[in-house]
Amino acid sequence: MSTNGEVIEKDAKVPLLQDYLSNYGEERHDRDLAGRMWEESKKLWHIVGPAIFSRIASYSMLVITQAFAGHLGDLELAAISIANNVIVGFDFGLLLGMASALETLCGQAFGAKKYYMLGVYMQRSWIVLFMCCVLILPLYLFASPILKLTGQPTDVAELSGVVARWLIPLHFSFALQFPLQRFLQSQLKNGAVAWAALVALVVHVIVSWLFVYNFQLGVVGTAITLNFSWWVLVIGLMGYTVCGGCPLTWTGFSIEAFSGLWEFVKLSAASGVMLCLENWYYRILILMTGNLKNAEIAVDALSICMSINGWEMMIPLAFFAGTGVRVANELGAGNGKGAKFATIVAVATSIVIGLFFWLLIIIFHNDLALIFSSSEPVLKAVNKLSILLAFTVLLNSVQPVLSGVAVGSGWQSYVAYINLGCYYLIGVPLGFLMGWGFHQGVMGIWAGMIFGGTAMQTLILAIITFRCDWEKEAEKASLHVKKWAESI
């Protein structure tokens, strides 16, 4: 009996030991997973945190300029708003998109430890963007007649044209600033970008006050302040780069930057089209709303919603940059699993933030417009639109992150086609149909464009990302780095 008892006792210990080892393995796996998520989150926020600050600072410069112009008069406010949102907005979206090609190239080269290539890539981007600036210059020189053709009042078009011509230095600053920013982000030197943005913002406030109130330069003074502040930002980033801030990646100006330009132009153009199609989409929403009957209240309400969305969008756009850099770094290092894990952490983090703002808008939907207006009809109109604003914010917490994955992986040309199809072949017609065909007004236009365009694009990008063979993408990235290295 005792022997049998001993056997039974020993046999009973075996499952207990197996259970213990199994539980220990699960606990260790959980700890390992939590640790990996924490490490990846630190790497991601190292990029995203300063990116959020620098983007909000840059956005605030435009808002401050419009605020100063608004105190000069309604005509001046209209002129600076149209010059910023139409002329500079078109220019900004295209050049920013073209510069995002560096997030692919510099990110993958940095991950592969081909540090010398980053400086050459940036110089190629300067050349391509400067040529693009020259080609777009007539938009600034002939802004008045162009705006008149779009139906703007003569006095507004004339003054907007004057402002646009004074903004030409700002136009050319984009060609240097956007590549510099992506060059530094790709090697995780984001603190320099944030500090330069802070200095530029402080300078902008001081110079705006001096030019508008002290020197009384009027609306032209507000345009000059934008030029001044953005060039302070450029000089700050350039000084940091050239004066020893990037010893591994900046080795001086090189004649090699002029080689392989055609391939660089093609990737930059694909990146530019990809971002432009997104940037112009919401401008079309405002233009379509402006053609409704009794559109003044609708346009005011939609503009308030777009302003709130614009402020919040600085966070997803920072995740766009952070995800692009992290994915590109991992793929460049040949680590497909690392790129996949970086994608999962970035998407999950951005969704949590999106849900927070979604809930905030749902709770405070009655009070959203009080920051901008005290008009009762406008407050009611914004209240009606708040549910669409909430879902727009939620969708935009996912879509830019997936676009960042596309940029980090070099899929810009594919995403450009997806954006064209979803936004302009589905979203715009559906918005037109719901707005006018079903007589739903601004809510119909916005709902059609959001759920027909943005939601469809987000779904397609999610499917592509989910089905991606990350090890194969890592191999492609290694081949790309090798190919581009041979062209230097």
Side-chain angles (χ1 to χ4, degrees), residues 55 57-99 126 129-150 152-181 197 200-201 203-212 215-237 272 275-276 279-280 283 310:
R55 277 162 172 75
S58 299
Y59 190 84
S60 298
M61 289 186 209
L62 299 175
V63 174
I64 290 166
T65 297
Q66 288 182 294
F68 273 99
H71 289 288
L72 295 172
D74 292 341
L75 178 61
E76 287 81 359
L77 176 59
I80 198 75
S81 297
I82 289 173
N84 275 338
N85 292 315
V86 179
I87 306 300
V88 176
F90 173 87
D91 180 30
F92 186 96
L94 179 62
L95 295 175
L96 183 67
M98 293 182 72
W126 282 343
L129 264 64
F130 181 81
M131 290 189 299
C132 188
C133 282
V134 173
L135 292 174
I136 299 174
L137 191 57
L139 182 66
Y140 285 79
L141 296 174
F142 303 105
S144 290
I146 292 170
L147 290 170
K148 288 175 185 176
L149 285 173
T150 63
Q152 296 298 322
T154 302
D155 56 345
V156 174
E158 289 290 345
L159 191 55
S160 297
V162 172
V163 172
R165 287 193 291 275
W166 277 98
L167 289 174
I168 289 174
L170 172 70
H171 166 61
F172 280 98
S173 75
F174 295 156
L176 290 174
Q177 192 259 331
F178 293 155
L180 274 165
Q181 190 178 47
L201 179 61
V203 167
H204 185 71
V205 174
I206 296 170
V207 173
S208 295
W209 182 80
L210 284 173
F211 282 22
V212 175
F215 302 153
Q216 295 185 345
L217 295 177
V219 72
V220 169
T222 62
I224 294 172
T225 60
L226 272 178
N227 294 331
F228 193 88
S229 305
W230 276 83
W231 275 100
V232 166
L233 182 56
V234 170
I235 291 167
L237 295 178
L275 204 62
C276 266
N279 189 41
W280 297 338
R283 300 180 193 280

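Counting from 1, the numbers follow the sequence of the chain as shown. A quick note: this is a predicted structure, and the numbers were derived from the prediction, not measured.
Here the closest heavy-atom approach between residue Ala175 and residue Cys133 is recorded as CB-SG, 3.8 Å. Closest of all the heavy-atom pairs between Ala200 and Leu233 is CB-CB, 4.0 Å. In this structure, Ala164 and Ala143 approach most closely via the heavy-atom pair CB-CB, 3.7 Å. Tyr140 and Arg165 get closest at one heavy-atom pair: O-CG, 3.6 Å. A pairwise comparison of heavy atoms in Leu95 and Cys132 identifies CD2-SG, 3.9 Å as the closest pair. Across every non-hydrogen atom of Ala197 and Met61, the tightest pair is O-CE, 4.3 Å.
Between Leu226 atom CG and Leu167 atom CG the span is 6.0 Å, to the nearest 0.5 Å. Distance check, rounded to the nearest 0.5 Å: CZ of Phe228 to OG of Ser173 gives 13.0 Å. Taking CG from Asp91 and CG from Leu96, the interatomic distance works out to 10.5 Å, rounded to the nearest 0.5 Å. Ile64 CD1 to Thr225 OG1: the interatomic distance, rounded to the nearest 0.5 Å, is 9.5 Å. Taken from CG in Leu180 to CD1 in Ile235, the straight-line distance is 11.5 Å, to the nearest 0.5 Å. Summarising the geometry, atom OG belonging to Ser160 is positioned 8.0 Å from atom CD1 belonging to Ile87; distances are rounded to the nearest 0.5 Å.
Looking at residues two or more places apart in sequence or on another chain, you find a side-chain contact (heavy atoms from CB on, under 4.5 Å) between Val220 and Val162, Trp166, Ile224. Every residue meeting the side-chain contact (heavy atoms from CB on, under 4.5 Å) condition with Val134, not counting sequence neighbours, appears here in chain and number order: Phe130, Phe172. Annotation: ring-ring contact (aromatic ring centres under 6.0 Å, His included) contacts of Phe92 (sequence neighbours excluded): Phe174, Phe178.
With contacts defined as side-chain heavy-atom distances shorter than 4.5 Å, the pair Leu141/Ile168 qualifies.
In terms of modelled atom types and a separation under 3.5 Å, the side chain of Trp230 and the main chain of Gln177 share no donor-acceptor contact. Side-chain atoms of Thr222 come within 3.5 Å of backbone atoms of Val219 as a donor-acceptor pair (strictly under, hydrogens ignored).
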Q. Between Leu176 and Leu237, is a side-chain contact (heavy atoms from CB on, under 4.5 Å) present by the stated rule, with each step listed?
A. CA-CA 9 Å; Leu176 290 174; Leu237 295 178; over 6 Å; no

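Using modelled atom types and a 3.5 Å distance limit, the side chains of Thr65 and His204 yield a donor-acceptor pair.
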